Participant: 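Quick one: the structure is below, questions incoming.
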Amino acid sequence: MSIIQGSASADAIALEEKHGAHNYHPLPVVLNKGEGVYVWDVEGKKYYDFLSAYSAVNQGHCHPKIVGAMVNQAQTLTLTSRAFYNDMLGKFEKFATETFNYDKLLPMNTGAEAVETALKLCRKWAYEVKGIPENEAEIIVCENNFHGRTTTIISFSNDPVARKNFGPYTSGFIKIEYDNLVALEAALENNKNVAGFLVEPIQGEAGVYVPSEGYLAAAKALCKKHNVLFIADEVQTGIARTGRLLATCGNCTCADKNCSGTPEVKADILILGKALSGGSYPVSGVLANNDIMNVITPGNHGSTFGGNPVAAAIGIAALEVVRDEKLAENAQVLGELFREELGKFIETSDLVTLVRGKGLLNAIIINDTEDSSTAWDICMALKENGLLAKPTHGNIIRFAPPLVMTKEQLLECVAIITKTLSEFKK
Ligand SMILES: *Cc1c(COP(=O)(O)O)cnc(C)c1O
């Protein structure tokens, strides 16, 4: 391993090891600077960031416009709580609802909180609008989902590591296979108290599983037929990552400022987080129209920091950057190039079996068992060669660079990846 004993990296890792809870297993690299598509470690080595903090840093590290908005607002007013109004939140709500074409936004901080918000909203709608008997609402979710880490969310996860010994679990969820319309239809028909269907348009954490063409539109139609809310968790897929403003957008180019999902797939409840701040601050939120969002009344839900003026200023700047720098279009073009180039390499490789994804959310599948360390070892070799990525689920490596990348930079990255893979020996 390249971490030299007594080095700044080794010291930083030892500090965390000793004083921090061991709830992550990071790649042994200690970063202290980021700019655009690059990050630097404490020894001054420069890397391409191919994780983008799980797609939070879509706008690139330390984007000057986002940092500017943050600093400016931080010097003016940071927090009022929602006990009082502040002069930034309404502006953010207006901008976000116009960008995504919904009546209302409910602002929170983390992705998991936004998912919790969506679940509460869906349940309340079910009792008060749909007329499901109290405490009997069910929400359909998918196997191998990732929606965050709260007690309720891990209750319907099927990742044993995320779940075991955290019970008792929250009830009211029905789990079905992802990308399976027959299973969805059966679940809707066999359960009379279904309130919502919560789905990731692409399963990111599970290994970038892209569902079959037409799956989301058909799932939305089934939900509509059964008066069930279609809830899209776009915390990872949203905000230009997959070559569209949202992954629930159709094959448009997002040039239309009202682009917010094709009518066939537009979510009843849309969950956003991560890149909603460009990775500079925790900003998340749930969007819905009045017929749904108006079931929430004062005291039902809230957060001390949710919708604070700094978050609001950042949220506006982050969405403006996506629009002004045409990040969806860039992700679309570069994503196609990336899969094409890696596809060529894979034809000649025994180590990698597949590249898949959409826009700049992609993954390669390593030809080894899920419990092997091969994907991890490849990520270590990529790190040596100046590119940071992380395995997800054993033998899968996700590649998700910031969307501000240029074509030249992407081709340089493809060269690093293919060289590393060709030289790699188990
Ligand atoms: C990251 C993620 C979350 C959780 O977001 P946090 O900010 O980590 O709580 C929820 N859903 C999806 C799809 C995610 O990728």
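Each ligand, and each atom within it, is numbered from 1 in the order the structure gives. What you see is a predicted model; the values in this text were computed from it and never measured.
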Participant: Pairs of nitrogen or oxygen atoms closer than 3.5 Å, one from Glu200 and one from ligand 1: do any exist?
Facilitator: no
Participant: Run the contact test for Phe146 against ligand 1 with a 4.0 Å cut-off on heavy atoms, strictly below, and give the result.
Facilitator: yes
Participant: Using the rule given for ring pair (Phe, Tyr, Trp, His ring centres under 6.0 Å), can you reason through Tyr169 versus Phe156, listing the C-alpha separation, both sets of side-chain angles and the distance that settles it, and then say yes or no?
Facilitator: CA-CA 8 Å; Tyr169 303 109; Phe156 55 81; over 10 Å; no
Participant: Taking 4.0 angstrom as the limit and counting only heavy atoms of His147, give me the atoms of ligand 1 inside it, by number and element.
Facilitator: 10 (C), 11 (N)
Participant: Is the ring centre of Trp376 less than 6.0 Å from the ring centre of His25?
Facilitator: yes
Participant: Do any nitrogen or oxygen atoms of Gly111 lie less than 3.5 angstrom from nitrogen or oxygen atoms of ligand 1?
Facilitator: yes
Participant: If you apply the rule side-chain contact (heavy atoms from CB on, under 4.5 Å), what do you find for Tyr48 with Tyr38, and how did you get there?
Facilitator: CA-CA 5 Å; Tyr48 279 108; Tyr38 301 112; 3.3 Å; yes
Participant: Between Phe399 and Phe338, is a ring pair (Phe, Tyr, Trp, His ring centres under 6.0 Å) present by the stated rule, with each step listed?
Facilitator: CA-CA 10 Å; Phe399 288 126; Phe338 183 78; 5.7 Å; yes
Participant: Would atom 8 (O) of ligand 1 count as contacted, meaning some protein heavy atom under 4.0 Å?
Facilitator: no
Participant: For ligand 1, find out whether one of its N or O atoms is nearer than 3.5 Å to an N or O atom of Asp233.
Facilitator: yes
Participant: In Å and rounded to the nearest 0.5 Å, what is the NZ to CZ distance from Lys358 to Arg244?
Facilitator: 5.5 Å
Participant: What protein heavy atom is closest to atom 14 (C) of ligand 1, reported as residue, atom name and distance in Å?
Facilitator: Lys274 NZ, 2.9 Å
Participant: Between Glu325 and Val404, is any pair of side-chain heavy atoms under 4.5 Å apart?
Facilitator: yes
Participant: Would you say Ala112 and ligand 1 have an N/O pair spaced under 3.5 Å apart?
Facilitator: yes
